Visitor: 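Below: one structure in structure tokens.
Sequence positions, counted from 1, serve as the residue numbers for this chain. Everything numeric in this text was worked out from a predicted model, so none of it was measured.
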Amino acid sequence: MRVLGIDPGLRTTGFGVLDVDGPRLRYVASGVIQTRDADQGDLPARLKVLFDGIGELTARYRPQVAAVEIVFVNVNPQATLLLGQARGACVTALVAGDLPVAEYTALQMKKAVAGHGRADKAQVQAMVQRLLQLPASPRPDAADALGLAITHAHAGEALARLQAAGQARRTSGMYRQTR
């Protein structure tokens, strides 16, 4: 299975691509999409750069699934809203490419990669480098995106089994849906 991890950001969106074969992870690619060439005051143009960039990644690497970081609410509401719009552009591009999208918080990713939710950027970078046996540490945004792909590689199979079991129960009549 090929997983595309996305760490959304309005200025810099990180991406990481992994091939997953059971417990084995193989690094394919990573990098960033930057919106610095678009006019910083032109939000729609910057969102289009992200949308088009994600579309190019899905066409080039042909992932079967994407893992995207869930936006957290920070102290600055305006920054949170802008980040949410960047994330929306990324998720929309993925869905437009017919990719299933899994979502993880930064805390979940840090726990999966570094073993604890308070890991800093340098710790995530070091663990991603170690887990993927990379010759150098990836830049922070790319490391976070690779971390999301690793998180999905580890958690995705278990989540899929849980979803399938839940679906089987709903269709077998064990649960009654209410509206």
Side-chain angles (χ1 to χ4, degrees), residues 1-35 50 53-54 57-58 61 63-95 99-163 166:
M1 167 178 63
R2 182 162 282 184
V3 181
L4 170 62
I6 299 291
D7 178 33
L10 188 55
R11 289 187 184 141
T12 304
T13 288
F15 72 89
V17 183
L18 300 179
D19 282 337
V20 180
D21 183 17
R24 289 187 300 270
L25 304 174
R26 188 178 69 78
Y27 173 86
V28 175
S30 65
V32 296
I33 301 167
Q34 295 186 317
T35 64
L50 294 175
I54 297 295
L57 291 172
T58 58
Y61 296 109
Q64 279 84 40
V65 65
V68 180
E69 185 173 308
I70 295 173
V71 174
F72 67 94
V73 178
N74 70 30
V75 212
N76 181 342
Q78 182 63 24
T80 302
L81 288 171
L82 290 172
L83 178 58
Q85 291 181 66
R87 183 180 181 283
C90 294
V91 170
T92 301
L94 294 166
V95 171
L99 277 177
V101 177
E103 300 174 289
Y104 301 96
T105 65
L107 179 72
Q108 288 171 314
M109 182 272 289
K110 289 175 181 182
K111 281 183 177 180
V113 172
H116 61 91
R118 293 188 181 265
D120 62 24
K121 292 273 189 192
Q123 289 171 313
V124 170
Q125 286 175 278
M127 286 306 297
V128 165
Q129 179 184 2
R130 182 173 294 146
L131 289 169
L132 299 177
Q133 301 174 353
L134 301 175
S137 217
R139 62 181 288 170
D141 297 303
D144 285 352
L146 288 165
L148 289 159
I150 291 167
T151 301
H152 187 72
H154 291 163
E157 188 176 321
L159 290 173
R161 283 195 305 260
L162 287 172
Q163 284 180 326

Visitor: Just grab all the salt bridge (Lys or Arg N to Asp or Glu O under 4.0 Å) pairs involving residues 112-134, residues at least two apart or on different chains.
Guide: Lys121-Asp144

Visitor: Answer whether the closest heavy-atom distance between the side chains of Leu18 and His152 falls below 4.5 Å.
Guide: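 Contact flag for Leu18/His152 side chains = no.
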
Visitor: Does Met109 reach the side chain of Asp7, with side-chain heavy atoms less than 4.5 Å apart?
Guide: no

Visitor: Between Met1 and Val65, is any pair of side-chain heavy atoms under 4.5 Å apart?
Guide: yes

Visitor: Testing the basics here: between Arg87 and Val68, what is the closest heavy-atom pair and its distance to 0.1 Å?
Guide: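 Result for this residue pair: NE-CG1, 4.1 Å.
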
Visitor: Calculate, to the nearest 0.5 Å, the distance between atoms CD and CG belonging to Gln34 and Leu10 respectively.
Guide: 12.0 Å

Visitor: Within the 4.5 Å heavy-atom criterion, are Leu132 and Ile150 side-chain neighbours or not?
Guide: yes

Visitor: Mind listing the closest non-hydrogen atom pair of His154 and Ala112 along with its distance?
Guide: ND1-O, 4.4 Å

Visitor: What pairs of residues pass the salt bridge (Lys or Arg N to Asp or Glu O under 4.0 Å) test when at least one of them lies in residues 19-33, not counting sequence neighbours?
Guide: Arg2-Asp19, Asp19-Arg26, Asp21-Arg24

Visitor: Which residue is it: Asp141, Thr35, Ile6? I am looking for the one with a side-chain contact (heavy atoms from CB on, under 4.5 Å) to Thr13.
Guide: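 Option passing the side-chain contact (heavy atoms from CB on, under 4.5 Å) with Thr13: Ile6.
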
Visitor: Looking at Leu57, Thr58, Leu146, Leu4, which one forms a side-chain contact (heavy atoms from CB on, under 4.5 Å) with Val17?
Guide: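 With Val17 as partner, Leu57, Thr58, Leu146, Leu4 yield a single side-chain contact (heavy atoms from CB on, under 4.5 Å), made by Leu4.
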
Visitor: State, to 0.1 Å, how close Gly117 and Leu107 come at their nearest heavy-atom pair, and which atoms those are.
Guide: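 That closest heavy-atom pairing would be CA-CD1, 3.2 Å.
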
Visitor: Please name the pair of heavy atoms, one in Gly53 and one in Ile33, separated by the smallest distance, quoted to 0.1 Å.
Guide: C-CD1, 3.7 Å

Visitor: Please give me the minimum heavy-atom distance between Leu83 and Pro8, naming the atom from each residue.
Guide: CD1-O, 3.3 Å

Visitor: How many angstroms lie between CG in Leu134 and CD in Gln125, if you round to the nearest 0.5 Å?
Guide: 11.5 Å

Visitor: Leu148 and Ala67: which non-hydrogen atoms are nearest, and at how many Å?
Guide: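 Shortest heavy-atom separation between Leu148 and Ala67 comes out as O-CB, 3.6 Å.
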
Visitor: Atom CD in Glu103, atom CD in Gln108: separation rounded to 0.5 Å?
Guide: 10.0 Å

